[in-house]
Number of protein chains: 2
Amino acid sequence: MLDAMATADRILDAAERFVQTRGFNGFSYADIASELDVTKASLHYHFATKGDLGRALIVRYREVFVRLLSEIDDETKRATEKLARYVALYRAVLSDDRMCLCGMVAAEYATLPKAMQEEIRRFFSVNEEWLTSVIAGGVRAGDLDLRGGAALDAARLLIGALEGAMLVARTYKSVDRFDAAARRLLEDLAPAKRRRRAS
Amino acid sequence: MLDAMATADRILDAAERFVQTRGFNGFSYADIASELDVTKASLHYHFATKGDLGRALIVRYREVFVRLLSEIDDETKRATEKLARYVALYRAVLSDDRMCLCGMVAAEYATLPKAMQEEIRRFFSVNEEWLTSVIAGGVRAGDLDLRGGAALDAARLLIGALEGAMLVARTYKSVDRFDAAARRLLEDLAPAKRRRRAS
DNA sequence: GTCTATAGGTGGATAGAC
DNA sequence: GTCTATCCACCTATAGAC
């Protein structure tokens, strides 16, 4: 049972990397089997269908992400710090030559089973809610300025822009491109008093 | 010869829609053959390999895009108008339930032949150059304000953010989400004097 | 839980008739 | 240019031994 958990996790780890680099339609059970030195049949014991595996991947990815957002909440107070930490989560993924798992499968959305589609939306919704709350708090504290816009819209822009920045930056193998985009995004949320350049 | 051209274009049209909705790894020659009521062998006469087809798709998409950018240059003068028209190009694609072709294949980048990868980057580079020029012009004319940032960085953010906004909006079947993101992006480029809300 | 073996289907691609 | 027919590699998935 303990071993079963461990094996399932090793499968998820390998599959996750494949999805984040090649897409859900860009790898096969054979690819995972080859990497883990097990047979395809063995994988089917843990995840009966590829759709089951895909769903498990997204659920786990979201749960880990939620935990990281909690850590940010525990360890930081100012909205500007929280946002910087949030951006750093994306950056770490890109630095590992990966795309966000959910951004990747969002591209393949139309080809995926409904169970996967629902989990993908849940990932974005969870991010949206957290960011909206952080941004609204930052505005109240005077650390952020929405200039008339809604916190929800700012949150949605941030998610989409970070996903898109990763998407394009990956084709240039350039984390710098991501960094430049993230810097501008955060600066655009800074209050007007006196804008400072992020290092 | 004229018929050959027409057939090749019909193939490209069908394939383009498949790539923009399902991804390059999400459709097959059989899908196109079925839609056009021809055989797979016939498709291979026009595009020997799927990689050839993919490359032709990206090249055509970019050429059409460049032509549209020229039209914008011909028909508008102010940078704000040009940017609004630019955003409208993306919006039209999303309204047709499609993802940007190059944003889609950017996700699958690692699985694609080099010839396709090069053309994808060229698409982004062309967009970057045009946008950088438009933004720099807008700043000189006082229609835009970069608040200390570089026009190139603003251009890159805009491309990535629009691609990402499409990517996420598609999973919610919501053009509104794209519109809200685009509005914020354009507002963030507006001069500080007095910010007005885009309708 | 993992294996061998295989089913049943689809992938891209080719040969050769018309 | 389009067809029929076919190749072979690969896909997801299952049956049944160990």
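Convention: sequence-line order gives letters A, B, ...; per-chain numbering from 1.
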* Structure fact -> Rounded to whole Å, the CD1-P distance (A:Ile32 to D:dC11) equals 11 Å
* Euclidean distance, atom CD1 of residue A:Ile11 to atom C1' of C:dT2 [Å, nearest integer] -> 11 Å
* So, A:Ser125 versus B:Tyr172: side-chain donor-acceptor pair below 3.5 Å or not? -> yes
* Structure fact -> note: A:His44, atom NE2; D:dG16, atom C1'; distance rounded to Å ~ 16 Å
* Asked: Whole Å only: how far is the OH atom of A:Tyr29 from the P atom of C:dC3?
  -> 15 Å
* Structure fact -> Ranking C:dG12, C:dT4, D:dT2 by distance to the side chain of A:Thr39, first place goes to C:dT4
* Among the candidates C:dG11, D:dC3, D:dT12, find the nucleotide nearest to the side-chain atoms of B:Ser42. => D:dC3
* To do: Considering just the side-chain nitrogens and oxygens of A:Ser28, establish if one lies under 4.0 Å of OP1 or OP2 belonging to D:dC11.
  => yes
* Nearest-nucleotide pick for B:Ala41, side chain only, options being C:dG12, D:dA5, D:dC11 -> D:dA5
* **Geometric class of the B:Phe123/B:Tyr61 ring pair [parallel <30°, tilted 30-60°, perpendicular >60°]** => tilted
* Structure fact -> Per nearest nucleotide of DNA chain D, the residue lying toward the 5' end, A:Thr49 or B:Lys40, is B:Lys40
* Asked: Can you list the steps and then say if B:Thr49 with B:Asp52 is a side-chain hydrogen bond (donor to acceptor under 3.5 Å, both in side chains)?
  -> CA-CA 5 Å; B:Thr49 72; B:Asp52 290 338; 3.2 Å; yes
* Asked: Out of C:dT2, D:dT2, C:dA13, which nucleotide sits closest to the side chain of B:Tyr45?
  -> D:dT2
* Asked: Between C:dG12 atom C1' and B:Asp52 atom CG, what is the distance in whole Å?
  -> 12 Å
* Asked: Whole Å only: how far is the CG atom of A:Leu36 from the C1' atom of C:dT2?
  -> 13 Å
* **Heavy-atom donor-acceptor pair, B:Arg156 side chain to A:Ala181 backbone, under 3.5 Å** => no
* Indicate, with a heavy-atom threshold strictly under 4.0 Å, whether B:Phe47 touches base, sugar-phosphate, or nothing. => nothing
* Ion pair check, B:Asp153 and A:Arg184, cut-off under 4.0 Å -> no
* Provide, to the nearest angstrom, the distance between the CZ atom belonging to A:Phe27 and the P atom belonging to D:dC10. => 17 Å
* Asked: How many Å lie between CG on A:Leu43 and C1' on D:dT14, as a whole number?
  -> 14 Å
